[in-house]
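Heads up: the structure comes next, in structure tokens.
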Amino acid sequence: QVQLVESGGGLVQAGGSLRLSCKASGRTFTNSAMGWFRQAPGKEREFVAAISWSGSTSYVDSVKGRFTISRDNAKNTVYLQMNNLKPEDTAVYYCAVDKWGDGAPGIGEYDYWGQGTQVTVSS
């Protein structure tokens, strides 16, 4: 059974940094894209970043230059380094796996989801 477990969330002041991790178990995803999404209270879940099996990355405009997605296939883990955090980054962050695609931003493209980790940025 596939499981995605996120960690690394927490409370941080504006301008601070956090590094999220998402470890997959149950199968390897070397040939799959992996992504991060977030959902703020009262808002829809939105795409944040994705990394393809070949290492190509994509980001939503609001995090470009501040967030970096990476993956370690040997550990079956994807990371999201978040720098210069802003209060508007506050949300529950979810990792997801796109089994067959390249990490498109659409929620429907993703096949497996983690349970989420809370990120709170205070002003």
Side-chain angles (χ1 to χ4, degrees):
Q1 183 175 352
V2 173
Q3 265 196 315
L4 302 177
V5 180
E6 301 99 335
S7 61
L11 173 64
V12 64
Q13 288 188 333
S17 297
L18 285 173
R19 188 193 194 206
L20 305 183
S21 299
C22 172
K23 183 169 178 57
S25 61
R27 59 166 286 178
T28 58
F29 293 109
T30 304
N31 296 320
S32 301
M34 302 182 79
W36 287 96
F37 289 74
R38 65 186 179 187
Q39 188 167 17
K43 295 188 176 182
E44 293 186 351
R45 192 171 299 189
E46 66 169 354
F47 171 81
V48 176
I51 184 166
S52 72
W53 65 271
S54 63
S56 297
T57 59
S58 59
Y59 300 91
V60 67
D61 285 347
S62 60
V63 308
K64 285 180 181 177
R66 301 189 297 122
F67 291 11
T68 302
I69 189 171
S70 61
R71 63 192 296 167
D72 184 335
N73 287 334
K75 296 181 178 179
N76 223 20
T77 299
V78 63
Y79 305 96
L80 186 68
Q81 177 67 43
M82 305 186 295
N83 298 328
N84 190 22
L85 282 160
K86 303 176 180 180
E88 51 264 42
D89 295 318
T90 295
V92 177
Y93 283 70
Y94 300 88
C95 74
V97 173
D98 176 1
K99 281 195 300 185
W100 309 117
D102 289 334
I107 289 175
E109 301 290 330
Y110 291 78
D111 304 284
Y112 304 108
W113 292 85
Q115 83 290 346
T117 185
Q118 176 70 47
V119 171
T120 303
V121 185
S122 64
S123 57

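Side chains included, hydrogens not; waters and symmetry mates left out as well; all remaining heavy atoms used. From a predicted model like this one, the values you see are computed outputs, not experimental measurements.
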Of Leu4, Thr77, Val5, which meets side-chain contact (heavy atoms from CB on, under 4.5 Å) against Cys95? Leu4
CD/Gln3: more than 12 non-hydrogen atoms of other groups inside 6.0 Å: no
Answer yes or no: is there a side-chain heavy-atom contact under 4.5 Å between Thr90 and Gln118? yes
According to the side chain to side chain donor-acceptor pair (under 3.5 Å) rule, which pairs have a member within residues 12-35, sequence neighbours left out? Ser17-Asn83
If hydrophobic clusters are built by linking Ile, Leu, Val, Met, Phe, Trp and Tyr wherever their side-chain heavy atoms come under 4.5 Å apart, do Val12 and Tyr79 end up in the same one? no
Smallest separation among heavy atoms of Pro87 and Ala14, with atom names: CD-CB, 4.1 Å
Side chain to side chain donor-acceptor pair (under 3.5 Å) contacts in which one or both residues fall within residues 100-109, not counting sequence neighbours: none
Does Tyr110 reach the main-chain N or O of Trp36 with its side chain, forming a donor-acceptor pair under 3.5 Å? no
Lys99 atom NZ, neighbour heavy-atom count above 12 within 6.0 Å: yes
Do Ile107 and Trp113 make a side-chain contact, defined as non-hydrogen atoms from C-beta onward lying under 4.5 Å apart? yes
Going only through I, L, V, M, F, W and Y residues with side-chain contacts under 4.5 Å, is there a path from Val78 to Val2? yes
Please check this pair: side chain of Tyr59 against backbone of Ile69, looking for a donor-acceptor N/O pair closer than 3.5 Å. yes
Can you tell me which residue among Thr117, Leu20, Leu80 is in a side-chain contact (heavy atoms from CB on, under 4.5 Å) with Glu6? Thr117
If you define the side chain from C-beta out and look only at heavy atoms, does anything of Met82 sit under 4.5 Å from Asp89? no
Return the CZ to SG distance between Arg71 and Cys22, rounded to the nearest 0.5 Å. 10.5 Å
Please table the atom pairs, donor to acceptor, closer than 3.5 Å between any side-chain atom in residues 40-49 and protein atoms at least two apart or in another chain.
from, atom 1, to, atom 2, distance (Å)
Arg45, NE, Gln39, OE1, 3.4
Glu46, OE2, Arg38, NE, 2.6
Glu46, OE2, Arg38, NH2, 3.2

What pair of heavy atoms forms the shortest contact from Gly8 to Leu18, and how long is it? O-CD2, 3.8 Å
Using only atom types and a distance under 3.5 Å, with no angle test, would you say the side chain of Asp98 pairs donor to acceptor with the backbone of Gly103? yes
When rounded to the nearest 0.5 Å, the distance separating CG of Asn73 from CE of Met34 is 8.5 Å
Same cluster or not: are Val97 and Trp53 linked, directly or through other Ile, Leu, Val, Met, Phe, Trp or Tyr residues, by side-chain heavy atoms under 4.5 angstrom apart? no
